[in-house]
Each structure stands twice: as C-alpha cells, then as structure tokens.
2 protein chains.
Amino acid sequence: MTAAILSIGTELTRGEIVNTNAAWLSAELTAAGFTVDVIDAIPDDVDQIVAALRTLAQTRRLVVVTGGLGPTTDDLTAAAAAKAAGVSLVRDESALLAIRRRVESRGKTMNAGHEKQADLPAGADVLSNSVGSAPGFSIPLGDTPLFFLPGVPREMKRMFTDQVLPRIRPSAPNNTFQVRLRTYGLGESLVGQALAGIEGTHAGVTLGYRVHFPEVDVKVHARGANREVARDLAIRASTEVKARLGDVVYGEGDEAFTEMVGRAVRSRGYRLALAESCTGGLIAHMLTRYPASDYLVGGAVVYANSAKTRLLGVSEDTLRWHGAVSAEVAAEMAEGVRRVCETDVGVSVTGIAGPTGGTAEKPVGLVYWAVAHPGGTVVRSKVFQGEREEVQIAAAYAVLDLLRRIALGLPERAQ
Amino acid sequence: MTAAILSIGTELTRGEIVNTNAAWLSAELTAAGFTVDVIDAIPDDVDQIVAALRTLAQTRRLVVVTGGLGPTTDDLTAAAAAKAAGVSLVRDESALLAIRRRVESRGKTMNAGHEKQADLPAGADVLSNSVGSAPGFSIPLGDTPLFFLPGVPREMKRMFTDQVLPRIRPSAPNNTFQVRLRTYGLGESLVGQALAGIEGTHAGVTLGYRVHFPEVDVKVHARGANREVARDLAIRASTEVKARLGDVVYGEGDEAFTEMVGRAVRSRGYRLALAESCTGGLIAHMLTRYPASDYLVGGAVVYANSAKTRLLGVSEDTLRWHGAVSAEVAAEMAEGVRRVCETDVGVSVTGIAGPTGGTAEKPVGLVYWAVAHPGGTVVRSKVFQGEREEVQIAAAYAVLDLLRRIALGLPERAQ
C-alpha cells in the first residue's frame, strides 16, 4: 500500500526552506509499515493544489498533506481541498471555539486571520491542534483518505503522532523490515562489489547504499508475508553482509562513527588527548559533539610550529630536520600531548590540507598521524585526494579508525 | 517559464535523508530567473522514474534531475532516462576514460561499478564531473531539456554551476535580480519585524528569509522589465535593508561568517590563539575549514580541569573558588593561551553544553567567553537555549562575533 506526501508552500519551491517535514513524515510512515513512493512539493496555488490532490488520491492509498493552513492570504490549502472534493468551505464552530480559546489564553484578540483558520471543507473530520492555532482535518477523496496538517514542524509532528497515526495504523501492511549497517574504510563501489549477488540469493531483499563521505551505509531492506518474515529475511541477509565486509562495518542503525570510537576508547578505560595540526580542531569537535566525551581530557590545535614546540614540547631540531609534516613530528606530537595532559593515549595528526603548501616530495593531501599508547607509538601516513575539507575529514576518520582499532585490539586494515 | 526538479532516491522517500539538493537547486533556479513550480521525490524504481520524466517533460519547460547515477545496482536513473527517451543505453567512451583517469589517479583499479557509470542514453550530451566519478548528462524529451546530475551535493552543485547554468541561462526570462544579505545576531522574527513595509514601498521587490542556525539570510528578490531594472530595484531595496539592520549584516552573497571573522582578524594584523572548553574544538574547526587561516597560531581544547591548568596555566585556586564555568576562568584561559602561544589575541570559551551538568546557579546553556587583546581582556556570558549542539554553535558564533567586533573596532551589540 503506497502513500504520498504533498508539501505545500512557495517557500519550498523557491528554495527558501528545506523540506524537513517531508523527511520526518516519510521516516514515520516507513517505520509504521507504509511505502511512501512520492513526495511532491508545490507552491501556494489553488489550481495546482487541486490537481495534485486529485492525482495523488487516484494513484495512492493514503495522502498526507502539510502547509498552507495558516492565517494569511497565501494560505490556500483548505479552499483547494474543498474544491478538489467538490464541497463548500464552511466555518467549523468547534474549531473556531478552540482557536478563540487559544488566542485569548495568550492575551490576544481574535482577528479575521484567526477566524479563517476555522473554515474547513464541509464534512471534514477536524484534527485539533494542541500546540498551535490552525486545526488540521481529514477528508476522503474517492477511497483514499487525505490528512491535512499545518506546516509548522512542531505542530505537524504532534498532530501526526497523536491523531493521524492511530487512524492509519490499522491499515498498514506491516510486511517490511530494514537493517542499516554503517561502514567506514571502503568506497561505495568496492562495498557494492563485495556484496554482489546477495540480492539474488536472498529473495525479497534489496540493498541500498547511502554515502556520506567518507562513510557508506548499507541498507538491507526485506519484504515478506508479514513483519516477522521480513525481519528474519533482513537479519539473515545482513549477517551475510557483515560477514563479507568484516570490521569495515563499525555499527548499526543510528550509531555514529565517532560515538563508536568514543565507546571503544571508554571500554578500554583510556583517557585521551589530541594534538591536531592540519585537521585544526575537527577531531576534537567530532568527539565532543556527543555527550559523554569525558574520556577526552583535552588537546592542542598546533597550527604553527611555535605552538607545536611551546604547547607540546616538539623539538625544534625535529621540526628543522624533518619538517612539520613528517613521521617524526607526528610521533613527538602524540607523545607530547600524552605527556602534557597525563593521559593513557595521545593522538596526533599533521599534514598539508591544501589548497596550497604542497611540494614535489610532500604534496597537498600528505598526512601523518600517530597514536601514542601504553604499548608504544604507531605512526601512519597517506596522501589523501580531494579538496581541503575532504582531506581534513578523510584524515580525521583515518586517525579515529586507527584509535578505534587499537582500543578494540582489531588488526589494521591494509590501505 | 516553469521548471521542475525531480529527486531520485529511496533514501528520500524513506526519510533517511533530507532533500537539501532540491532546496539548493530551487534557490539557484529562482535566482537565475526561473519559476520552479514542482519538486518531486521518488524512489529508485525504473517505472516510476520513466513515468515522472515523461509527465514533467510534457508539462514543464525545464527539468533538473538528481540522484541514481552511482556505481551500485540501485542506481537506475540512466537506464530509466534511456527508456523514457526510447533510446538504448550505450557505454560512452570519453566518459569511461574520464572515470578511469579519476579512479586511477587515486591509486585504485576500475571495477564493473565504475564502468557502469559510463553507460548513458544514446545521444546524451555528457556533463563531466570534476569532483567525482559519475558523469551527468542531458537529453531532450519533446521540447524540454532534461539535466541529470549526481545526488552527492558537492558534485551536483559544481556540475549545475559550471555546466547546467551556462546552458540554460540564455532561456531564462532574465528579468529578475537577487541580493543575498548574510546576518547574525537577530532571530528570524526580529529581522522580519525590522524590515516590515519594505515590500510595500519597493514595488517589484519580495523579501525571503532563510534560517541556518544561528544565521538568517535575507534575500532581496526583484522582478522588473529587464535584468537592469530588476538589479536597480534589488540594490535600492537592499540598501534600505542594510540601513535598517546595521552591522547585523556581516556580509553578502557567498561570504561565510567565519571567513569574515578571519578577514577582520587578518586585516588588523592579529595573531590568534584559542582556548576551548565546552565548544570542544568547534571554533578552531570553523576557522581552519577555510584556507588562509594562518593568523591562527594554535590553541587548546581544555575539556578537563587538569588540561586547563597544565596547558594554559589556569590557577587551581581559581578553578576551586569560582568553578570551571566562570568569568574568572574564562579570563585566565584567554590570557593563558595568549601567553603560551605568544599571540596578540587569546580567545576562550567555557560553559555547560549539556545535556547534563547543570545546577540551579549554573544551568545547562550557561557559557562564559573572553577575548584577551592588547587593549585588555573582555569577558561576556549568556545562557543559550537548545540542545548540546545548538549551545555549542551559538556559543562559537557569540565568541567569534565579539572577536570580529574587537578586530574591526565595532561596538558590541546589546544582547
């Protein structure tokens, strides 16, 4: 049973706002067992709204509409819904009373704009708004129920959860299940190559890929006779995916890479200090975005050579003889920050993020990183491709992956 | 002349990602003088893609499509485009060569997934990809040109700007002009309030707002008899917008807030050092994302009290008597990092980003920040609302805005 989402608002088609409502609704409907197979966004235009409502109602079994229910003259959704259904717009007295109560409880006076929000298609089922003034409503068009919700995300979400979901849940097919595996370390095409043939040997399973550099998510989606069957299918296929990809899979579902790194560090009881040059604070930021980053004692952003020396005690001789971008300096930075912050582990990164600063021997993208831990100091290097920000992100991931592997006792991946 | 955007990807209709591509493209097409009157998002499904392409080509004068050009089996857009156009899919040798060059320059070997990306509809006009492997392409359907771009935002944006815009601009009505003003310091409703009436006194001008926390962009959009007239209108109205908002406007067009801060610091000849506690490296990361951040000597991420003492020389007595989140510690951190790094200016921030750690006197969101400069040390504080990441971002902006104002000799804004 397919569902459609229709988002109404000229601010969407002019690109003034991002349609986060549609993404939220799609995720909710998918989780409830529906298949959303189209999301439309159109301007505040009666003819276009009427045409879209009619087309979607004819071709889908459920339509959720957001936007255009506000108090201003460009809010035209209720009028268009009435026109599409071939009914008139009538003032709903109970909706008017609820609006009046809300407006007056906030010390304001009703105006024509507020009153207009109670004008709904004749015969509509009113959906009350507990966190805003515009009521929503539901009308059928042919056999298809249409739900109209406000565009304000907070109001829309509350109304969908409290009033739409209970009404539509009984009709959900509930025959799909998805496992999302998070990977780091292989590009999308290599991941795809490693998983070739899985869809053929697991009937009902489709694989989806989502890249958010440098990570690749693998979505194992299964459809079966019912949810239990789909769940078994998805779990069986994802077990094979995990076996093929090995420890390139770092987590599942909403587990974020840096959270998993933090968890590995904490599970080992390590206290951590960072010394960043070319990543300029990115690694510290990635780790401290999440709560419970107290395993991180602190660190240094040592952009200039003087900062490397003064904050971390990197030797001026080492800087002079080997250069700031060198295995020797990376090691001294990691060992220096570990000593200064008195931690179990010191991590460092130094390189040339670009766009300028490269030479023939040391090109843009060359990065050295080191982990100084109780078992010794490990130094690695690589020339990363891409623009400044990609080099920074790729380097940060490489550093954190080495740290994660050392904390978990996993072998390193061949690069 | 109306344009349509078609976004392809099951990750969109399942709500796994927000369709930022469509918002960006809509804004670009609007700025170029086109009217986008529909944005569709559909899954990776050949039949649905074919049907959508045919419908949109029949009803619109321009269609921009994103997504589904990758190397994996769920990337079906090129096959669907060929089917919609009634042509076969053929391997494009020049596209294949470009992909091979890119793959091999990165030290990798071509695989079947890479090769598949060179399979394009016969007769398609290839759009090369300078920042990724998947080429885009263009084909006509009836009288309507269809442009197919990768779903990866960075690749899509570059390809649209470099290759699609020059091709479609000649057909744009070309009677509009837009000025984008970048602001920081007032919320959206206060900005809107400050600009009330401008549309009334400047016929042909509409104002649009775009919030990307904590910034608000004001888009001054003008339509006139031709582009010159529209340009004059937009510039006249934006002069009034700037006069009303004052130095809340920090830049125009693509100028980024942190770039402007860096420019201010550099123009004053300052060398800068940072001491971050609750922002955990975010400020350093924001400044070093951009090239030419060499005014930044370095800094310290001093999460634990021991790091504040050991790296920056913050007194243990001050920490004990006033607590780590205090004006006194903020001042000692800024002065400490300035002394240790031997810079002109030291900047610090200490606070409670949450979600836990607050008390009755020091609630979650309380942040102190300081700038130690040749004229003395300035300390400020505020309780920021929102979740952990919002508190971190709001604090980073507040700190950088104070730094920018000190560097430029601007007065501070009352909070």
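Chain letters run A, B, ... following the sequence lines, proteins first, then strands; residues in each count from 1. Just so you know, these numbers use all the heavy atoms, side chains as well, and skip hydrogens, waters and symmetry mates.
- Contacts of Val211(A) with chain B are absent, with no heavy-atom separation under 4.5 Å from either backbone or side chain.
- Interface remark: Arg339(B) contributes backbone atoms only to the contact with chain A (heavy atom separation under 4.5 Å).
- Contacts of Tyr290(A) with chain B are made by backbone atoms alone, with heavy-atom separations under 4.5 Å and no side-chain atom involved.
- Two residues are said to be in side-chain contact when any heavy atoms from C-beta on lie closer than 4.5 Å; Glu11(B) and Lys219(A) meet this criterion.
- When heavy atoms are compared at a cutoff of 4.5 Å, Leu207(A) approaches chain B solely by way of its backbone atoms N, CA, C and O.
- Counting heavy-atom pairs under 4.5 Å between each of Lys308(B), Gln117(B), Gln392(B), Arg154(B) and chain A puts Arg154(B) at the top.
- Of the listed residues (Gly192(A), Gly299(A), Ala273(A)), the one with the most heavy-atom contacts under 4.5 Å to chain B is Gly299(A).
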Could you check Asp75(B) against Glu188(A) for side-chain contact (heavy atoms from CB on, under 4.5 Å), going step by step and ending with a plain yes or no?
CA-CA 12 Å; Asp75(B) 290 305; Glu188(A) 185 186 10; 4.1 Å; yes

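- For Val131(B), the part sitting under 4.5 Å from any heavy atom of chain A is the side chain, from C-beta outward, and nothing else.
- Thr288(B) and Tyr303(A) are not linked by any side-chain donor-acceptor pair at a separation below 3.5 angstrom, with hydrogens and angles left out of the test.
- Highest contact tally toward chain A, considering only Val18(B), Leu287(B), Ile17(B), Thr72(B), is held by Thr72(B) [criterion: heavy-atom pairs under 4.5 Å].
- Here the OG1-CG distance, from Thr35(A) to Asp45(B), works out to 11.0 Å after rounding to the nearest 0.5 Å.
- Looking at His221(A), only its side chain comes within 4.5 Å of chain B, counting heavy atoms on both sides.
- Between Ser293(B) and Arg388(A), the closest heavy-atom pair is OG-NH2, 3.5 Å.
- The most heavy-atom pairs under 4.5 Å with chain B, out of Gly280(A), Ser306(A), Gly208(A), Gly187(A), come from Gly280(A).
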Val340(A) and Leu311(B): CA distance, side-chain angles, deciding distance, side-chain contact (heavy atoms from CB on, under 4.5 Å) verdict:
CA-CA 7 Å; Val340(A) 172; Leu311(B) 283 166; 3.5 Å; yes

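- Contact between Ile39(A) and Leu12(B) at its shortest, heavy atoms only, is CD1-O, 3.6 Å.
- Close approach to chain A, defined as a heavy atom under 4.5 Å from one of its heavy atoms, is seen in Ser105(B), Arg106(B), Asn111(B) of residues 103-111 of chain B, taken by number.
- Neither the backbone nor the side chain of Glu276(A) comes within less than 4.5 Å of any heavy atom of chain B.
- For the set Val302(B), Asn305(B), Leu296(B), the entry with the most heavy-atom pairs within less than 4.5 Å of chain A is Leu296(B).
- Gly281(B) and Ala284(A) make their closest contact through CA-CB, 4.2 Å (heavy atoms, listed as atom of the first residue, atom of the second, distance).
- Using a 4.5 Å cut-off between heavy atoms, Arg289(A) contacts chain B through both its backbone and its side chain.
- Atoms CD and NE2, from Glu389(A) and His285(B) in turn, are 6.0 Å apart once rounded to the nearest 0.5 Å.
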Could you go step by step and tell me if Arg158(B) and Glu387(A) meet the salt bridge (Lys or Arg N to Asp or Glu O under 4.0 Å) rule?
CA-CA 13 Å; Arg158(B) 175 70 80 87; Glu387(A) 311 209 339; 3.2 Å; yes

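- Put simply, CD1 on Ile42(A) and CG on Asp40(B) are 10.0 Å apart, with the number rounded to the nearest 0.5 Å.
- Between the side chain of Gln48(B) and the backbone N or O of Asp37(A) there is at least one donor-acceptor pair closer than 3.5 Å.
- For residues 13-34 of chain A, the pairs satisfying side-chain hydrogen bond (donor to acceptor under 3.5 Å, both in side chains) are Ser7(A)-Asn19(A), with sequence neighbours left out.
- Note: Ala41(A) leads Ala27(A), Ala41(A), Ala23(A) in heavy-atom pairs under 4.5 Å with chain B.
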